[in-house]
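Chain letters run A, B, ... following the sequence lines, proteins first and then strands; every chain starts at 1. These numbers come from a predicted model, not from an experiment. All heavy atoms count here, side chains included; hydrogens, waters and symmetry mates do not.
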Protein chains: 2
Amino acid sequence: MLSRASKYAILSTLYLAEHASKEKKMSVKSIANSINVPSPFLAKLFQQLVKCNIISSTKGPNGGFFLTEDNEKKTVIDIIEEIDGTNKIDDCFLGLAKCDGNNPCPVHFIVEPFKKKIFGKFRDQTIKEFANEVEAQGSVLFLSGLDKKK
Amino acid sequence: MLSRASKYAILSTLYLAEHASKEKKMSVKSIANSINVPSPFLAKLFQQLVKCNIISSTKGPNGGFFLTEDNEKKTVIDIIEEIDGTNKIDDCFLGLAKCDGNNPCPVHFIVEPFKKKIFGKFRDQTIKEFANEVEAQGSVLFLSGLDKKK
DNA sequence: TTAGTAAAAGACCTTTTTATCTTTTATTAT
DNA sequence: ATAATAAAAGATAAAAAGGTCTTTTACTAA
């Protein structure tokens with residue numbers, strides 16, 4: 001549904017929103033270590049996110065990544081569409097090219113309400129709002145020992 | 001969430017349950033054509049499904065694939081676990097290695113009820129029951145838009 | 001018993017995804 | 001200025017997923 005790349009991107013952008021600021025920029029390495037993501041891979045993802053104005057960066061000493069107020073207004077869907085090139089959440093769960101209420105796959109009516117919910121959250125909530133909620137709820141952003149096999 | 005391989009396997013097994021029988025076995029090619037799946041790839045998947053007794057086959061003229069009564073009692077979860085090597089539906093939506101009510105990822109409480117529902121259906125309903133429902137509801141099993149339906 | 005059929009087996013190929021490494025460029029503190 | 005720092009850029013590599021092809025084996029009907 002989501003690529004590993006977009007999962008990394010979502011988690012690390014939320015992490016930035018929570019922990020970084022214009023005054024306290026963060027390096028790829030420190031973020032990669034914090035959420036347990038391969039740092040050269042994350043560096044590549046961040047390059048892409050900077051280019052499309054989802055996150056910001058400056059080079060040199062005290063440089064690093066952070067979010068501007070503009071960045072904070074982006075959404076998780078923006079991240080997914082940038083990294084995966086499309087919104088795969090919307091694809092049919094069983095792979096049908098054309099799956100809808102009139103032409104439903106065998107699980108369409110189970111999957112549809114879920115998609116509406118998660119899609120709504122990812123589209124209607126800004127990164128900042130999402131990050132605030134994450135903090136308030138004590139949600140976890142660390143992959144920890146993510147299964148690197150499989 | 002599901003690999004393409006397991007999607008193919010699920011759809012074609014349901015298709016077999018609906019259209020094949022001990023008296024009317026079906027070839028890989030006819031099934032592959034019907035549901036729009038690459039036939040050499042489906043052949044490989046079917047080999048695997050035969051080996052683990054989810055579907056059955058005989059060689060030679062009038063040979064092909066079909067389901068025994070034993071096969072009909074298998075579940076979609078059996079297919080997924082055989083083809084994907086694990087049940088990826090149960091993985092955390094954002095990739096956390098350990099994601100549960102105490103250690104929730106940012107979307108855990110949205111994803112969890114959906115997983116319960118779809119997992120329940122895939123585990124508690126036999127292939128035969130599922131196929132009957134598919135038939136009754138007129139659900140679609142064809143990957144492409146081309147309606148090959150009756 | 002033989003010709004034709006269809007699956008089994010296994011080798012092989014391609015593309016995509018994930019991940020790493022090296023060099024260059026921009027920034028800043030001294 | 002210069003040395004240190006950290007991201008940008010780009011080349012490369014490893015692994016997984018998806019897909020194809022050829023040969024062998026089993027079965028059946030004429």
- prompt: Can you check side-chain contact (heavy atoms from CB on, under 4.5 Å) on B:Asp70 and B:Asn53, steps first, answer last?
  reply: CA-CA 8 Å; B:Asp70 207 39; B:Asn53 197 35; 3.1 Å; yes

message: Can you confirm whether A:Ile89 sits close enough to A:Ile80 that some side-chain heavy atom of one is under 4.5 Å from a side-chain heavy atom of the other?
response: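 They are in side-chain contact.
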
message: I'd like to know if B:Lys44 reaches the base of D:dG18 with its side chain, counting only an N/O donor and acceptor under 3.5 Å.
response: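 Per atom types, no contact qualifies.
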
field: base_contact_polar (D:dA9 base, A:Gln47 side chain, donor-acceptor, <3.5 Å)
entry: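 Yes.
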
Rounding to a whole Å, what distance do you find between [X]:[atom1] and [N]:[atom2]?
| X | N | atom1 | atom2 | result |
| --- | --- | --- | --- | --- |
| B:Leu45 | D:dG19 | CG | P | 10 Å |
| B:Phe41 | C:dA11 | CZ | C1' | 16 Å |
| B:Leu143 | D:dG19 | CG | P | 10 Å |
| B:Gln48 | D:dG18 | CD | C1' | 13 Å |
| B:Lys51 | C:dA7 | NZ | P | 16 Å |
| A:Leu2 | C:dT17 | CG | P | 13 Å |
| A:Leu49 | D:dA7 | CG | P | 14 Å |
| A:Phe65 | D:dT5 | CZ | P | 18 Å |

Base, sugar-phosphate alone, or nothing: which one does [X] contact when heavy atoms must sit under 4.0 Å apart?
| X | answer |
| --- | --- |
| A:Lys7 | nothing |
| B:Pro38 | sugar-phosphate |
| A:Ser3 | sugar-phosphate |

If you compare every side-chain N and O of [X] against the phosphate oxygens of [N] (OP1, OP2), does one of them come in below 4.0 Å?
| X | N | value |
| --- | --- | --- |
| A:Arg4 | C:dA19 | yes |
| B:Tyr8 | D:dG18 | no |
| B:Ser57 | C:dA8 | yes |
| A:Asn62 | C:dT27 | no |

field: Nearest-nucleotide 5' precedence on DNA chain C, A:Asp84 against B:Lys59
entry: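 Its nucleotide being nearer the 5' end, the pick is B:Lys59.
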
query: Considering heavy-atom distances to DNA chain C, does B:Ala43 or A:Gly63 have its closest nucleotide positioned more toward the 5' end?
result: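 The answer here is B:Ala43.
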
query: side-chain hydrogen bond (donor to acceptor under 3.5 Å, both in side chains) with B:Gln125: which of B:Glu129, B:Lys121, B:Arg123?
result: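 Of the listed options, the one satisfying the test is B:Lys121.
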
query: Which of parallel (below 30°), tilted (30 to 60°) and perpendicular (above 60°) describes A:Phe93 and B:Phe114?
result: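 Geometry flag for B:Phe114 against A:Phe93: perpendicular rings.
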
Proximal nucleotide (of C:dA7, C:dT20, D:dC21) relative to the B:Val28 side chain: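 Ranking C:dA7, C:dT20, D:dC21 by closest atom to the B:Val28 side chain puts C:dA7 first.
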
message: If you count every heavy atom of other residues, nucleotides or ligands that lies below 6.0 Å from A:Lys88 atom NZ, does the total exceed 12?
response: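 For A:Lys88, atom NZ is crowded (more than 12 foreign heavy atoms under 6.0 Å).
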
